[in-house]
Amino acid sequence: MFEKLLRIDRRIIFLFVLIALIVPLFLNISQHIAISPEVRDIYDSLRKLQPGSRVLLAFDYDPPSAPELQPMAVAVMKYCFKHNLKVIIMGLWPQGPLQANLAIESIKRDKEFKDNPPIYDKDYVNLGYMTGNELVIQGMGTDIQRTFPRDYLGNPTSSLSVMKGITNFSNIDFIFNLSAGYPGTVEWVLFAVDRFHAKLSAGNTAVQAPQVYPYVHSGQLSGLAGGLKGAAELEKLLGFYGKGTKFMLSQSFAHIVVIFFIIVGNVAYFATRGKKKK
Amino acid sequence: MRREIPLIITGVVGFTYIIQFFIPHWPFNIMEHMLTDWMLIIFAFAIWLGVLNLMKVSLDRISKRTKDWPYALVTILGFLFIVIAGFFFSGGRRFLDPGTPFDYIYQFIYTPLSATMFAMLAFYVASASYRAFRARTKEATLLLLAAFFVMLGRVPVGDAMTSFLPESVRLSKFADWIMNYPQTAGQRAIMIGIALGIVSTSLRLILGIERSHLGSD
Amino acid sequence: MEFGFTFSNTLAAILTIGIISFLWRDNPLYKLCEALFVGVSAGYWFVSLYYQNLLPQLFDKLGLTLIITPHADVKEGALQVLFKQGRFDERILYIFAGILGIMMLMRLFPNLGWVSRWPLAFIVGTTSGLYFTTYFQSNAMAQLKSTIIPLNSINNIVIVVGTVCGLIYFYFSKEHKGVLGGAAKVGTWFLMVTFGASFGYTVMSRMSLLIGRIDFIFSTWLGLVK
Amino acid sequence: MNVSAFCAVPEDPSYGAPAPPTDLVVRDVPNDAGGAIILHWDPSVDDVEGNDKFIGYEILRSTSPDSGFKVIGTATAGSTELTDNQTVDGKKYYYIVRSLMGSSIAEAWPVGPVSSSQQWFNLGRINSFIALLILSTAILWYIHRARRGDTLFIRKIAGLEAVDEAVGRATEMGKAIYYIPGTQDMDNVQTIAGVTILGRVAKLTAQYETPLDVPVSRSLVMITAREIVKEAYLNAGRPDAYNDSMVHYLTDDQFGYAAAIDGMVVREKPATIFYMGAFYAESLILAETGNSVGAIQIAGTAMPAQLPFFIAACDYTLIGEELFAASAYLSKEPKLLGSLKGQDFGKLCILGIIIIGSIIQTFGIFDFTSIFTVQ
């Protein structure tokens with residue numbers, strides 16, 4: 001039997017992974033999610049904002065990283081809309097602002113926001129994507145409206161009511177950066193925080209997060225959510241249970257499947273090795 | 001002549017690059033930028049060669065009616081479809097803007113294909129770790145243990161299993177320790193080795209000692 | 001992307017399922033997706049390289065764009081500066097890049113194929129010159145600097161010993177025997193831990209990629225998961 | 001050129017005027033190509049956390065100390081530095097920095113003159129320069145020795161010992177060999193190393209008359225690989241067996257390329273697959289599919305993030321530097337072997353520096369690491 005296990009058809013493993021990922025999407029299991037201090041920092045920063053404050057959301061990722069970052073984006077946006085904070089969307093990745101639109105679409109279909117959906121130019125604006133990587137951030141430090149002369153719909157930025165009175169980072173109360181690589185959180189820290197003293201928190205993919213941790217410890221970054229676990233924590237703190245929590249469960253299940261198969265493989269290996277010796 | 005001039009070009013350009021790294025003075029300061037641009041321009045020309053080769057191979061398959069030839073037709077049509085959409089119907093330079101036909105193909109054909117191909121890794125990491133992480137030898141055992149602890153340390157289950165221990169020695173902390181110390185040390189050795197390998201390979205190329213990439217006459 | 005059971009989403013969903021079906025076995029749907037993917041992606045890069053490289057880097061800089069389409073919304077190029085203002089603009093040098101690019105295309109003519117070695121030699125020169133300095137600086141010097149640390153804690157000792165033994169593993173000039181062999185052996189242990197740990201570390205994010213596709217199928221397309 | 005000034009315009013609390021910034025220092029940006037002057041000041045005493053009225057600083061410039069000052073930039077509250085990138089080398093400039101609070105302004109005396117210039121050597125990189133010079137000399141010296149006929153010993157590299165066997169097995173089985181030279185273009189040294197190794201493999205396939213298939217994802221790699229394979233077949237005395245279609249282009253796209261190779265692998269079931277060059281996430285997609293058809297797989301890459309996947313899924317893996325050593329090892333050409341010796345010399349130096357340096361740091365004799373600071 002163990003010999004068979006050693007040469008198990010890989011498709012059986014594939015099937016287990018698939019089941020482990022799909023099933024939790026349909027379950028409503030409550031898991032204990034411990035809140036890490038880094039995510040609590042984000043929550044504390046958000047809570048301090050007065051109604052009417054301007055929040056800049058920088059979307060620096062593309063669809064492959066969406067499972068990890070989209071739930072964070074949705075949770076933060078919901079919090080902003082609920083507490084009447086003005087949201088300014090932008091992206092250093094071409095696909096970023098489109099992800100923001102997707103997040104807003106999903107919020108509009110949400111029960112909680114059905115009666116009071118976010119309205120363009122009242123609750124949020126989308127400045128779109130701008131080429132130039134970190135140079136864009138540097139330009140924004142001097143003049144945001146000159147860096148982004150038009151929003152993604154083509155309206156002059158100066159005509160947008162949300163953008164009234166905003167020249168540079170001094171007029172932005174909080175920046176939340178969603179990042180999957182370069183350009184991303186590291187560039188935001190180096191340019192927006194170090195040069196222009198903006199207040200910045202970030203959500204990162206699990207792969208990217210360890211490179212950013214040093215900035216949290218040094219205080220340059222006030223809060224960091226890493227991977228799906230970070231997304232789930234953020235959802236719990238902000239009070240919007242969403243996909244992050246669900247995806248987190250899927251991911252844990254799949255992880256356990258992989259670990260389980262490693263154990264099975266080793267048990268089978270040692271069992272058959274014992275036999276051969278006899 | 002067919003080999004000498006290319007060798008001279010490689011040498012001169014290579015040296016120019018090295019010089020501009022140490023000498024910020026004009027004209028070297030503008031060289032790096034310009035030469036990198038030139039390289040991009042050559043790449044943009046070169047893609048013609050690849051694309052024409054792809055078309056030729058696909059047309060050959062169709063004309064010879066080899067097995068599965070209709071798929072070669074799909075490749076050609078897919079290529080023409082996006083190229084025509086991109087060049088003629090998507091507003092020129094603004095071809096990536098939301099709402100253009102090019103963007104539509106990007107979002108509903110290209111993205112699902114490439115994101116799913118990328119996502120296949122989820123299956124492959126599972127099958128590869130089942131096969132590779134077995135305690136056959138001392139080395140394989142270390143590979144297995146490091147992978148096992150880091151994997152467990154990354155999910156809440158890992159900490160739950162070691163909840164009887166003080167917080168600083170729980171699995172997630174141990175996983176962090178592996179990543180921060182032994183893993184970092186190994187990476188450094190690899191990176192320094194790579195740097196030396198690259199320096200000597202580059203030097204051989206610049207001096208024309210390594211020239212097999214230029215082929216024969 | 002939009003929500004719901006629309007034509008666009010159905011198309012995307014079929015392509016998603018087509019790729020995943022390869023895990024079961026090779027099949028006509030996968031073959032179709034594969035053929036389409038090759039064609040569409042080659043075309044995608046073909047178009048992108050034109051608009052993002054050739055047009056701004058060569059045609060705009062030289063001013064060819066303005067010659068072909070006089071009313072285009074671009075700044076004057078080097079040719080306009082030269083002929084209208086009589087001034088030398090260093091962007092005129094980009095003409096060499098154009099020549100190198102055309103030399104590359106000489107591959108298409110069997111007798112002139114050798115000409116394409118010039119641009120190739122240019123690329124190899126640029127690459128080796130660039131890598132020669134930057135890799136040494138960022139990989140060797142920077143890593144070396146961060147490895148010179150006081151040996152006053154277990155963690156620091158682990159880093160120094162691991163890096164030293166790892167480097168000894170890469171030492172090619174002597175057979176790995178004796179003390180050298182022992183150190184190289186310790187080096188391989190460190191390398192194995194490195195590989196195991198980085199493998200384990202990435203598993204989680206690979207899972208999340210697939211979650212994204214599954215979520216697309218079940219919630220965006222089918223609307224089964226809220 | 002370093003010029004500094006101290007100025008104290010008395011603060012008038014009744015008007016709520018801010019204190020000006022102090023200790024403005026202006027100087028030419030060092031080690032650059034000119035055209036830039038860096039300004040540094042100590043913040044105004046009113047520039048403190050919690051003082052919402054304090055807006056920031058304005059920087060003014062003129063070519064005369066008395067008049068003609070124009071605003072050239074602004075800096076937010078809390079900043080103490082600004083680089084003026086708009087200077088003409090050699091021209092003399094004067095600068096003023098002023099604080100803005102509410103609607104009032106306070107400025108310090110102008111500081112200057114200062115001018116920017118370009119330097120002939122980046123002194124911040126002198127350490128790299130010397131180290132590279134020593135390393136290059138060592139490599140060239142060993143190459144020279146090798147050419148003179150000295151025998152140079154190189155230890156076994158397991159992955160490369162297996163190349164013959166892998167080609168031999170494909171020949172016995174009458175199946176093809178796939179060679180994947182990475183997914184990056186010729187602007188990556190790993191790709192160049194990959195196609196060079198292809199030359200040695202192609203020589204073997206020419207001798208054994210084994211079918212060789214080289215699917216590539218970049219046009220320039222296609223051109224180069226063709227040159228190399230053609231020459232290998234020529235040198236092996238089998239120019240007739242060479243055919244351009246052995247090397248063919250698929251797509252520039254990383255995953256499109258992986259999808260196509262996956263299909264080819266399951267349909268044609270090659271006996272041996274080589275992966276040599278720069279890879280990203282597609283590494284495991286390719287290697288797992290290759291493994292599923294039972295191919296012998298030999299990989300080599302200097303992408304640290306992909307090495308674990310090749311180690312897990314392939315039979316042999318060349319780790320990092322071994323990829324660059326491979327062409328020397330396989331060809332046994334003296335000039336190439338010599339450069340390997342040079343690399344080893346570099347390694348010995350680095351080992352010595354790490355050990356001695358760490359001891360110096362342990363006893364705190366002086367800050368040894370500062371020698372290796374990179375800019």
Side-chain angles (χ1 to χ4, degrees), chain B residues 18 21-26 28-30 39 42-43 46-51 53-54 57 60 68 110 113-118 120-121 123-125 127-129 131-133 143 147 187 189-205 207 209-210 212-216, chain D residues 31-33 118-122 125 129 132 135-136 139 143 185 187 189 192-193 195-196 199 218-220 222-224 227-228 230-231 234 245 248-253 255-256 258-259 281 284-285 288 302 304 307 309 311-313 319-321 323-325 335-336 339 342-343 346-347 350:
Chain B
I18 295 173
F21 186 78
F22 295 107
I23 298 181
H25 205 281
W26 192 91
F28 298 105
N29 59 333
I30 57 163
M39 191 153 73
I42 297 174
F43 285 146
I47 196 170
W48 276 88
L49 298 171
V51 160
N53 178 248
L54 178 67
V57 171
D60 278 356
D68 287 343
Y110 178 86
L113 287 169
S114 94
T116 311
M117 204 63 211
F118 197 3
M120 298 275 269
L121 278 172
F123 298 108
Y124 292 138
V125 287
S127 61
S129 47
R131 232 183 30 252
F133 296 152
L143 187 75
Q187 288 291 9
I190 296 172
M191 284 167 80
I192 294 175
I194 289 171
L196 292 171
I198 284 184
V199 166
S200 92
T201 307
S202 305
L203 192 68
R204 292 196 311 247
L205 289 165
L207 297 177
I209 297 170
E210 176 88 76
S212 54
H213 59 277
L214 292 173
S216 52
Chain D
N31 297 325
D32 73 340
Q118 41 180 336
Q119 276 77 41
W120 274 108
F121 195 84
N122 185 341
R125 287 176 173 168
F129 181 77
L132 273 170
L135 183 59
S136 306
I139 293 171
I143 291 177
D185 215 323
D187 61 342
V189 175
I192 303 179
V195 289
T196 312
R218 306 284 170 161
S219 306
L220 280 180
M222 176 179 84
I223 304 289
T224 320
E227 291 273 10
I228 284 183
K230 198 172 173 181
E231 197 196 2
L234 199 71
S245 64
H248 56 105
Y249 169 89
L250 290 167
T251 163
D252 269 54
D253 189 80
F255 293 116
L284 188 65
I285 300 178
E288 269 298 285
L307 278 167
F309 302 114
I311 298 263
I319 302 166
E321 195 184 356
L323 172 73
F324 301 107
K335 55 187 185 184
L336 300 183
S339 75
Q343 273 160 255
K347 236 165 283 161
I350 289 176

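Each chain gets a letter, A, B and so on, in the order the sequences are listed, and its residues count up from 1.
- Contact annotation for Ser200(B): both backbone and side-chain heavy atoms come within less than 4.5 Å of a heavy atom of chain D.
- Highest contact tally toward chain D, considering only Ala147(B), Ala189(B), Ala128(B), Ala195(B), is held by Ala128(B) [criterion: heavy-atom pairs under 4.5 Å].
- Only the side chain of Ile192(B) comes within contact range of chain D, with at least one heavy atom under 4.5 Å from a heavy atom of that chain.
- The choice from Val51(B), Leu143(B), Val57(B) that makes the most heavy-atom pairs within less than 4.5 Å of chain D is Val51(B).
- Heavy-atom pairs under 4.5 Å with chain D were tallied for Met120(B), Met191(B), Arg131(B); the largest tally goes to Arg131(B).
- The two residues Tyr249(D) and Leu54(B) make their nearest non-hydrogen contact at O-CD1, 3.8 Å.
- In terms of heavy atoms, Ser219(D) sits closest to Ile47(B) at OG-CA, 3.3 Å.
- Using a 4.5 Å cut-off between heavy atoms, Asp187(D) contacts chain B through both its backbone and its side chain.
- Among the candidates Phe121(D), Phe255(D), Phe309(D), the residue making the largest number of heavy-atom pairs closer than 4.5 Å to chain B is Phe255(D).
- The candidate from Ile143(D), Leu250(D), Ile319(D), Thr251(D) with the greatest count of non-hydrogen atom pairs under 4.5 Å with chain B is Leu250(D).
- Only the side chain of Ile350(D) comes within contact range of chain B, judged by heavy atoms closer than 4.5 Å.
- Checked by atom type and distance alone, the side chain of Arg204(B) never pairs as donor or acceptor with a backbone atom of Ser339(D) at under 3.5 Å.
- Looking at Ile285(D), both its backbone and its side chain come within 4.5 Å of chain B, counting heavy atoms on both sides.
- Across Leu196(B) and Gly346(D), no two heavy atoms sit closer than the pair CD1-C, 4.2 Å.
- Residue Ile23(B) touches chain D through both its backbone and its side chain, counting heavy-atom pairs closer than 4.5 Å.
- Of the possible polar contacts, none joining the Glu210(B) side chain to the Leu205(B) backbone as a donor-acceptor pair under 3.5 Å is found.
- For the atom pair CD1 of Ile18(B) and CZ of Phe129(D), the computed distance is 10.0 Å after rounding to the nearest 0.5 Å.
- In this structure, chain B has a heavy atom under 4.5 Å from the side chain of Ile223(D), while its backbone stays farther away.
- Counting heavy-atom pairs closer than 4.5 Å to chain B, the top residue among Thr224(D), Asp252(D), Leu284(D), Ile228(D) is Leu284(D).
- Of the listed residues (Gly342(D), Gly320(D), Ala33(D)), the one with the most heavy-atom contacts under 4.5 Å to chain B is Ala33(D).
- Annotation: maximal heavy-atom pairing with chain B below 4.5 Å, among Asp253(D), Leu132(D), Val195(D), Ile311(D), occurs at Asp253(D).
- For Ala313(D), the parts sitting under 4.5 Å from any heavy atom of chain B are the backbone and the side chain alike.
- Among Thr201(B), Leu207(B), Ile30(B), Ile42(B), the residue with the largest count of heavy-atom pairs under 4.5 Å with chain D is Thr201(B).
- Heavy-atom pairs under 4.5 Å with chain B peak, among Glu321(D), Glu288(D), Gln343(D), Lys347(D), at Glu288(D).
- In plain terms, the two heavy atoms of Pro24(B) and Asn122(D) that are nearest each other are CD-N, 3.7 Å.
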**Report entry** From CA spacing to verdict: ring pair (Phe, Tyr, Trp, His ring centres under 6.0 Å), Phe28(B), Phe21(B)
**Finding:** CA-CA 8 Å; Phe28(B) 298 105; Phe21(B) 186 78; over 10 Å; no
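- For the pair Leu214(B) and Glu227(D), the minimum side-chain heavy-atom distance is 4.5 Å or more.
- Between atom CG of residue Leu220(D) and atom CG of residue Leu49(B) there is a gap of 7.5 Å, rounded to the nearest 0.5 Å.
- Here the straight-line distance linking atom OG1 of Thr196(D) with atom CZ of Phe324(D) works out to 10.5 Å at 0.5 Å rounding.
- Contact of Tyr110(B) with chain D is made through the side chain alone, with heavy-atom distances under 4.5 Å.
- Within the 4.5 Å cutoff, the side chain of Gln119(D) has heavy atoms near those of the Asp32(D) side chain.
- Heavy-atom distances place both the backbone and the side chain of Ile209(B) under 4.5 Å from chain D.
- Both the backbone and the side chain of Ala302(D) have a heavy atom closer than 4.5 Å to some heavy atom of chain B.
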